[in-house]
A.B. asks: 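One structure is given below, represented as structure tokens, and several questions about it will come after.
Please read these numbers as outputs of a predicted model, since none were measured by experiment. What you see below is based on every heavy atom in this structure, not just the backbone, and it leaves out hydrogens, waters and symmetry mates. Ligands are counted one by one from 1 in listed order, and the atoms in each one are counted from 1 as well.
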Amino acid sequence: MKLLILSILFVTLAVTTPLTSLQYKTKYGSVIQGDEPYTKAIAYKMYGDFLDTYEDLTMNKGDSYDRFEIFNDNMKKVIAHNKDTTKTWKMGVNKFQDMTDEEFKIYFSLDITSDDEKCSATASPRINYNGDTDENFSWREIRMPHSAKVVTPVKDQGHCGSCWAFSTIGAMESHFLITTTKYAIMSEQQLVDCAGDFDNHGCNGGLPENAFRYISENGLTFEGTYPYVGQDQKCKYDPLYKRITAKGPFVIEEGNEEQLVESIRHAGPVSVAYQVVDDFRFYESGVYSSNDCENTKSDVNHAVLATGYGVETGLKYYEIKNSWGSDWGDEGFFKIERDQNMCGIAVCNSYPLGVSSVYGKSGELIKN
Ligand SMILES: *[C@@H]1O[C@H](CO)[C@@H](O)[C@H](O)[C@H]1NC(C)=O
């Protein structure tokens with residue numbers, strides 16, 4: 001009897017445990033790729049599992065069937081895209097599957113452009129780097145001696161237009177590892193709350209270039225000291241807790257992809273911007289390329305971090321770290337076509353110079 005109750009309990013648990021995003025991908029992979037028919041019955045099953053798997057982000061939890069039609073429309077787009085053999089990239093199901101295009105734009109404050117928030121027209125004086133740019137290169141594969149990989153873990157900006165802060169901090173963390181060999185996770189929230197005097201707008205957008213300028217004047221503290229909350233707050237930064245400094249930034253010449261590649265290879269990851277259009281949010285693998293996006297400075301609406309570049313099935317690409325969580329895209333990363341100024345990827349790029357730590361009296365790096 002005891003055994004029976006126990007096994008019933010186990011069966012119940014197995015049924016109610018939500019699939020991980022990876023398990024979801026495996027379970028429905030052949031439907032998503034268009035190899036198996038997408039029937040109404042499967043659609044309902046996929047939607048039910050989706051609600052459990054991505055419970056944290058579904059738009060209206062509890063009212064489970066309200067968003068089925070949006071999910072269903074998006075699924076049809078994903079499957080049609082994946083069946084199209086001319087496409088250089090694949091779509092998948094992710095946490096944004098039950099949002100409309102409009103809701104998605106609002107969620108991340110995309111498309112908010114203000115006049116004081118423009119990329120610099122002035123490029124920094126050219127740096128002559130020694131050494132080649134290999135055909136393929138990724139900072140994700142580089143580990144500092146006795147320390148962590150140069151590319152720090154992918155973060156999640158959540159429901160806040162703070163991509164610019166994540167792009168900036170991603171660059172700071174990587175350059176800090178390159179210059180000091182030390183691993184430190186730094187504060188996006190400090191930038192969201194405190195970098196407004198440098199033409200940044202918290203959860204309503206900003207620019208890495210402006211955030212680097214703020215850091216070079218004010219310094220930066222650790223994530224643990226000033227944790228991320230994903231909404232605008234009053235600035236709480238105390239310069240007493242300044243732990244990292246930087247100079248610069250170095251601004252890459254507009255449209256110069258040769259300089260962008262050289263910078264990634266010889267300086268470190270670069271904060272880049274581009275235009276997110278509707279199909280992008282479903283990216284899962286391959287080299288993203290689009291006929292729909294525009295590519296001028298006033299079109300770019302999302303800042304990210306270029307961590308590498310290479311060639312895949314004859315297509316040149318940049319490897320990019322996003323800030324939509326590691327369950328989005330390809331482990332939180334994506335590839336986008338290179339040497340075409342694809343979606344404006346070459347027009348608004350910068351990186352910090354002279355990133356270093358602020359030492360305590362004992363000569364040790366102060367941890368929080
Ligand atoms: C670069 O990567 C591609 C795809 O993985 C590979 O085919 C190519 O041989 C690589 N190039 C070099 C020089 O290793």
A.B. asks: Distance to 0.1 Å, residue and atom name: give those for the protein heavy atom nearest to atom 13 (C) of ligand 1.
C.D. replies: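 The answer is Glu135 OE1, 3.3 Å.
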A.B. asks: Any idea how Tyr274 and Phe334 line up, ring-wise: parallel (<30°), tilted (30 to 60°), or perpendicular (>60°)?
C.D. replies: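 Rings of Tyr274 and Phe334: tilted, 30 to 60°.
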A.B. asks: What protein heavy atom is closest to atom 10 (C) of ligand 1, reported as residue, atom name and distance in Å?
C.D. replies: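 Residue, atom and distance for the closest contact: Asn136 ND2, 2.4 Å.
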A.B. asks: How about atom 2 (O) of ligand 1: does it have a protein heavy atom within less than 4.0 Å?
C.D. replies: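 Under 4.0 Å from atom 2 (O) of ligand 1, at least one protein heavy atom found.
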A.B. asks: Determine, using ring centers only, whether Phe280 and Trp328 are less than 6.0 Å apart.
C.D. replies: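 Ring-ring flag for Trp328/Phe280: true, centres closer than 6.0 Å.
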A.B. asks: In this structure, is the centre-to-centre distance between the rings of Phe282 and His81 below 6.0 Å?
C.D. replies: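 No - the distance between ring centres of His81 and Phe282 does not fall below the 6.0 Å cut-off.
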A.B. asks: Could you work out, with side chain to side chain donor-acceptor pair (under 3.5 Å) as the rule, every residue matching Tyr309, not counting sequence neighbours?
C.D. replies: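 Side chain to side chain donor-acceptor pair (under 3.5 Å) list for Tyr309, sorted by chain: empty.
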A.B. asks: Below 4.0 Å, non-hydrogen atoms only: which portion of Val311 touches ligand 1? Side chain, backbone, both or neither.
C.D. replies: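 Under 4.0 Å from ligand 1, Val311 contributes backbone atoms alone.
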